[in-house]
Participant: 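Have a look at this one before I ask anything.
This chain uses plain numbering: 1 for the first residue, then up along the sequence. Basis for what follows: all heavy atoms, side chains included, without hydrogens, waters or symmetry-related copies.
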Amino acid sequence: MKIIKINKEHRDVRTPYNAGRFEIDLETVTANEQHLVCVNPNIAGDFWVLSNYIKADHGVLKCHEAVTHTTYSDYPFLDNLVPLVDSEPMSLCQILLHNESAFNCLVELGYLGVVQFRNIYDDTAVPNNLYNAETQRCHDLQRIIAHLQDEIEDFKINMMFYPDVDEDEVPKATDLKDMETQLLEVYDELTDVERNCESLRRTRNHLYEHMKVVVKADEFLTGERNTEPVMAWTSSVIMDLVHDEMKSKAQPQDKFQLSFFAGTIPPLRFSAFETMVWRITRGNYFIKHEEITFPQEAGRKSSQLVRKYVFMLYFLGSSIREKLTKVCQGFGIKLFECPEGTADRRLAFQKIDRDTKYLGRILEQTENHRFRILLIAGVDIYIWKIKLKKMLMVYYVLNRMRRVKHLQKSKYLQAECWIPTAEVGNVSRALIRGAQQSAKDSQDNMFPPMVTELRKRYLRDEDRPTHFRLNRFTRGFQNLIDAYGIAAYRELNPAPYTIITFPFLFAVMFGDMGHGVIMASFGFWMVIKEKRLIEKNRRDPNPSEIWTIMFAGRYIIALMGIFSIYTGFIYNDCLSKSFNIFGSRWRVNYTTFTAETNHYLQLDPARPDNYLGDPYCFGMDPVWDISGEHAITTYNSLKMKLAIILGVTQMMFGLILSAVNYTHKRDYVDVFLVFVPQITFLTCIFCYLVFMIFFKWDNYGGHIAAPYNSACAPSILITFINMLLLKSNEVPPECNDWMFSGQDVVQIVLLVFALTSIPILLAGRPLYVIMQKKRIIGAKSAALRKSRTRSTLTTARRTLVYNVEPSQSRLTIGGKKEKEDPTEDITELWIHSGIHCIESVLGSVSHTASYLRLWALSLAHDQLSSVLWNMVLKIGLAGGRGYFDSIIIYGLFAFWAILTLAILVIMEGLSAFLHTLRLHWVEFQSKFYAGSGEAFMPFKFPPSTMSVSQHPLAFYIHLRMRARNI
């Protein structure tokens, strides 16, 4: 498939990866433009067009839609692997915006997501206070939305989720007023309904409590549930006697009027209340109380049990009644009306019951109305929430941009920002689109924004942020690198190499075909269902954090499974069993009786009837799976040597990448004084160890005659130790003293080179810096002498001509400057060089030993798999109980499968993952990767989801805290 690039402004066609350009005629351009099916031929810009394609059934599209559809999935991997090695060039630009179009322009930048504003999120930025009112209004509306969302969740109403809300609902400056009107209308109506509901609940609770008081009062007065005599209010003999006594003595009737109160009081206040009543009435009272417990509504679905005392207080006199009423108010006592007669109390009870049921129906209708309000609000609340979040982000940036004074009455705002050099044109076009949306009448009213690239001399590469173009495949691996540290600007990125080395080293420790198939299947399931799972995560209000992390590394998991299958083939290991795919190269000539009666049988590789002389076609021979303890010895030797080989290879590769970094920075001093000594030491010591491993594999064997048979094969470790101690090897008489002729001389030469590289690494750079400082001081001294001579002549001439006092020359003033003490810098340099030298030398040894974890974890994985097979599944397969074993095997297989997934796949996989991560962070990346850069964090609207989102300014708060730490 051929892709060409059409530039409509220059009317030319050129290939995308070719710097040259050639002019063609208008007919060719017109023919290529027809592939876009563009409805707006006047639009300007660059478009990628397929020269041969299958036409899609989508009708007429706009220019940008046609380009999006034809180029979205053409090269998602190749276009990102090349810039992944080195970060994209960054340009420091200045953006100039007009107040009227600034909001829409920033919205376009938020959707573009390639602009990082500078000096806005730190404490040094001075707010312009132009948008404080809009910011406060956004916060108020967010509080309203939070209240509405709580109410919607309380009613269990599902909010509408719009997958295309980011594209369909683009915020505009005028949307704030419209949303404010709609939200305040809904909020006011809902608040009124909530207030009515609360009032109705209080009234119903009061009626319910009144009902309880009437029931208890009736019991008190009629004698029900009382074991002692009581005074009946309507037919009491005592009352008749009291009335007769008042008539005979001609006393006022109200003085001896018997009255009572009925009400409820909290139990904790009853004792104090009774004491106060006793003092006021001087003991002339009678009180009866009983505890009740009843539910009281506190909300729509919440109620609480309330414990109170129902009491009836009897007393004489109307004057005391007023005093007791005030006491009841002070104690917070609820007093209720209670009729005197029994029939009246029953009528009052029925009336209260009717009122309670009526209030219940009104409250139900009010709640239904409240539900309808929230149901309507739930349709648009998601859109309001997403819009407000974006608008608040925009207003936050606008409020901290600098005003340009003396330019149309300070109506322009400016800000410095970092933009990838390749995206400067896209940023300019995005700002133009925002300004066009703000122009109401015509394009003549548009205030064109400006993007100017700044050239500041004081800017260093350390000040520039690091940005890599990533896709779904490379993002997971880049996250592993960023967890260690952000790459410095234009620093070599380890991510492209980690794509291969990470899953491969994981597979060395996890090598098993069966377990690899399980892991690869899970990874590819997430990859195949990627779009569906992403959409599910967007709709999930509470996504699992573990699942989110696992899904982000789906491509890593898939590759780890594939490489585990590959190393499983090398180890010839599938669920602790081996396969004889290509035919074993060993032959067993013993009879069945001999094999069953002898436990110690050996196959001699020197005998042609036991060993055919050539190795197994691929991986390990399956005969080692049945060789018992000898299999562990053989596998240990192989995996240990493989670990050393892989470790030294990766460390050498890391050192080579450090040379690439030095060359890119044009730091050739570090190439010769740091890189060369390091790689010399590693080559002379550990690369020689790898060479001996390969030499032994290639030249020694059990089927080869002496002196290169197995008996004469030297121990690599002993030979390596003797080399460092300058000792000779102790070998049997029939064997050679050395593995090859001249080995002793080669080892001495390599050891001399390795030891020579240590002082160069220790003192090379400090001595070079001292020499450079001396040369600079000498040059300054020569310049100083010339300046002194010139200054003396100038002073003498001024004295002769003007007859004034000779003033101090600039030389004298310059001499008063504080002299720099070079001793402190040189001392720090020596200390740093010494630490670096010790770390490099000892690190080479410790890092090489650290790679032995590849052998250790591989051995542990293999042994755990064998234990599960022999201790669980083998019991059912070799039980010898006939048909009964067919029933047992089901339960044993389920138990074995659960343990395999839980221990060998999940736990062992996590352990191997962490060890692989440590090997890359410490052993590999420490050779060349500093990770001291600043991440490119652009102003960008995150994709909308249904999850409980964080505060919209949390991203900027994080930036401010990070700036403070720096």
Side-chain angles (χ1 to χ4, degrees), residues 460-462 485 488 491-492 647-648 650-691 720-721 723-726 745-782 818-850 921-932:
R460 303 172 301 171
D461 287 346
E462 290 79 4
E491 184 182 13
L492 204 60
V648 173
Q650 191 174 31
M651 288 191 297
M652 287 288 294
F653 181 60
L655 287 179
I656 293 173
L657 293 180
S658 69
V660 176
N661 265 338
Y662 294 147
T663 306
H664 177 74
K665 297 177 183 178
R666 297 182 180 179
D667 192 357
Y668 301 107
V669 176
D670 285 343
V671 172
F672 292 103
L673 299 181
V674 177
F675 164 71
V676 172
Q678 284 181 336
I679 201 168
T680 301
F681 183 84
L682 191 63
T683 303
C684 295
I685 301 297
F686 295 102
C687 287
Y688 176 69
L689 176 63
V690 173
F691 166 76
F720 183 70
I721 294 175
M723 168 189 170
L724 299 179
L725 298 178
L726 298 177
V745 179
V746 171
Q747 291 184 167
I748 293 175
V749 172
L750 292 177
L751 194 59
V752 169
F753 274 104
L755 295 177
T756 306
S757 63
I758 296 178
I760 297 176
L761 185 61
L762 174 64
R765 186 168 182 81
L767 292 177
Y768 173 79
V769 172
I770 291 173
M771 294 173 57
Q772 288 293 104
K773 284 193 173 184
K774 287 183 178 180
R775 186 176 64 83
I776 293 173
I777 291 173
K780 286 184 177 180
S781 300
E818 295 182 359
K819 295 183 178 180
E820 297 181 358
D821 186 10
T823 307
E824 184 177 357
D825 295 338
I826 295 299
T827 303
E828 291 182 359
L829 185 61
W830 277 105
I831 294 174
H832 180 270
S833 181
I835 294 174
H836 183 66
C837 177
I838 296 173
E839 182 182 2
S840 298
V841 175
L842 297 183
S844 300
V845 180
S846 63
H847 291 175
T848 305
S850 179
W921 282 358
V922 179
E923 279 72 27
F924 175 55
Q925 293 178 191
S926 63
K927 299 293 186 296
F928 69 97
Y929 185 67
S932 58

Participant: Mind listing the closest non-hydrogen atom pair of Asn661 and Leu492 along with its distance?
Facilitator: OD1-N, 3.0 Å
Participant: Show every salt bridge (Lys or Arg N to Asp or Glu O under 4.0 Å) that has at least one partner inside residues 836-849, sequence neighbours left out.
Facilitator: none
Participant: Can you run down the salt bridge (Lys or Arg N to Asp or Glu O under 4.0 Å) pairs that involve residues 745-761, sequence neighbours left out, and say none if there aren't any?
Facilitator: none
Participant: Give the table of side-chain donor-acceptor pairs shorter than 3.5 Å for residues 668-679, with sequence neighbours excluded, one pair per line with atom names and distance.
Facilitator:
from: Asp670; atom 1: OD1; to: Arg765; atom 2: NH1; distance (Å): 2.6
from: Gln678; atom 1: NE2; to: His836; atom 2: NE2; distance (Å): 3.2
from: Gln678; atom 1: NE2; to: Ser840; atom 2: OG; distance (Å): 2.9

Participant: Considering only heavy atoms from C-beta outward, does the side chain of Leu689 approach that of Val648 to under 4.5 Å?
Facilitator: no
Participant: With sequence neighbours excluded, what pairs up with Glu491 under the salt bridge (Lys or Arg N to Asp or Glu O under 4.0 Å) test?
Facilitator: none
Participant: Got a second to check how far Ile770's CD1 is from Arg775's CZ, nearest 0.5 Å?
Facilitator: 14.5 Å
Participant: Testing the basics here: between Met651 and Ser844, what is the closest heavy-atom pair and its distance to 0.1 Å?
Facilitator: CE-O, 4.2 Å
Participant: Could you note down all residue pairs passing salt bridge (Lys or Arg N to Asp or Glu O under 4.0 Å) where residues 678-687 supplies at least one of them, sequence neighbours left out?
Facilitator: none
Participant: Working to the nearest 0.5 angstrom, can you tell me the gap between Ser833 OG and Tyr768 OH?
Facilitator: 14.5 Å
Participant: At what distance, to the nearest 0.5 angstrom, does CD1 of Ile656 lie from CE of Met652?
Facilitator: 5.5 Å
Participant: Quick one: side-chain contact (heavy atoms from CB on, under 4.5 Å) partners of Leu751, sequence neighbours excluded?
Facilitator: Ile685, Leu724, Leu726, Leu755
Participant: Tell me every residue that passes side-chain contact (heavy atoms from CB on, under 4.5 Å) with Ile748, counting only those two or more places apart in sequence or in another chain.
Facilitator: Val752
Participant: Of all residues at least two apart in sequence or in a different chain, which pass the ring-ring contact (aromatic ring centres under 6.0 Å, His included) check with Phe753?
Facilitator: none
Participant: Determine whether more than 12 heavy atoms belonging to other residues, nucleotides or ligands lie under 6.0 Å from atom NE2 of His664.
Facilitator: yes
Participant: Roughly how far apart are Ser757 OG and Leu762 CG, rounded to 0.5 Å?
Facilitator: 11.0 Å
Participant: For Ala849, check side-chain contact (heavy atoms from CB on, under 4.5 Å) against everything at least two apart and list the hits.
Facilitator: none
Participant: Under the side-chain contact (heavy atoms from CB on, under 4.5 Å) test, which residues partner Phe653, sequence neighbours left out?
Facilitator: Tyr497, Leu657, Phe924
Participant: Tyr688: which residues meet the ring-ring contact (aromatic ring centres under 6.0 Å, His included) condition with it, sequence neighbours left out?
Facilitator: none
Participant: Within this structure, what is the NZ-CG distance for the pair Lys927 and Leu682, rounded to the nearest 0.5 Å?
Facilitator: 7.5 Å
Participant: Determine whether Phe928 and Tyr662 make a side-chain contact, defined as any pair of heavy atoms from C-beta on separated by less than 4.5 Å.
Facilitator: no
Participant: Looking at OG1 of Thr680 and CD1 of Ile758, how far apart are the two atoms once the value is rounded to the nearest 0.5 Å?
Facilitator: 11.5 Å
